[in-house]
Amino acid sequence: MPKLIPAEQIKAMVGQVVGTSGWVEITQERVNTFAEATGDFQFIHVDPEKAKLTPFGGTIAHGFLTLSLIPLLTMESDCPRAQGIKMGVNYGGNRTRFLAPVRVGKRVRGVFKLLDMEEKRPGQWQQMMEITVEIEGEDKPALICEWVTQFFV
């Protein structure tokens, strides 16, 4: 369960890794469901037999599927949360790099480093995190991104 603390105390953690999520398995069912939702049916994602013939050796998650797990990984993390949040919204990403494919059957987790925390107006905070999505048992992460959220207390 994440700690609830005043936003000002979170601001004091800029530059630190503030949380890690649990592991989430990437199943073929999850990949197929994402393909249905987005219309991206490239064979490397949805056709295990054809994908075996590629350098990946099997199906891989869509890069955008991995990126879209950020809300889940955040909620599953031990990152501190600001007390009294009424609403939070994604504001955008400054930078995203897909570094390694996530093979179906692997597990991923998020590691969260607080890069910035600023009160834009009274009660409206903007937070920038560097999020690294690690792949269990692999040296290279799936992705690293700078993600910006705003929340209202």
Can you find a pair of side-chain heavy atoms, one from [X] and one from [Y], that are under 4.5 Å apart?
X: I10; Y: Q127; value: yes
X: I5; Y: M13; value: yes
X: H62; Y: V31; value: yes
X: I70; Y: M129; value: no
X: L69; Y: V133; value: no
X: Q9; Y: K3; value: no
X: T20; Y: E134; value: no

Counting only heavy atoms from other residues, nucleotides and ligands, does the tally under 6.0 Å from CZ of F152 exceed 12? yes
Can you tell me how far CD of Q83 sits from CG of L4, rounded to the nearest 0.5 angstrom? 6.5 Å
Side-chain donor-acceptor distances from residues 40-48 under 3.5 Å, at least two apart:
residue: D40; atom: OD1; partner: Q42; partner atom: N; Å: 3.2
residue: H45; atom: ND1; partner: I60; partner atom: O; Å: 2.8
residue: D47; atom: OD1; partner: E49; partner atom: N; Å: 3.2
residue: D47; atom: OD1; partner: K50; partner atom: N; Å: 3.2

Only one of K120, E118, K11, Q150 clears side-chain contact (heavy atoms from CB on, under 4.5 Å) with W125; which?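 Testing each of K120, E118, K11, Q150 against W125, the sole residue satisfying side-chain contact (heavy atoms from CB on, under 4.5 Å) is K11.
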Under a 4.5 Å side-chain heavy-atom rule over Ile, Leu, Val, Met, Phe, Trp and Tyr, are M128 and I131 clustered together? no
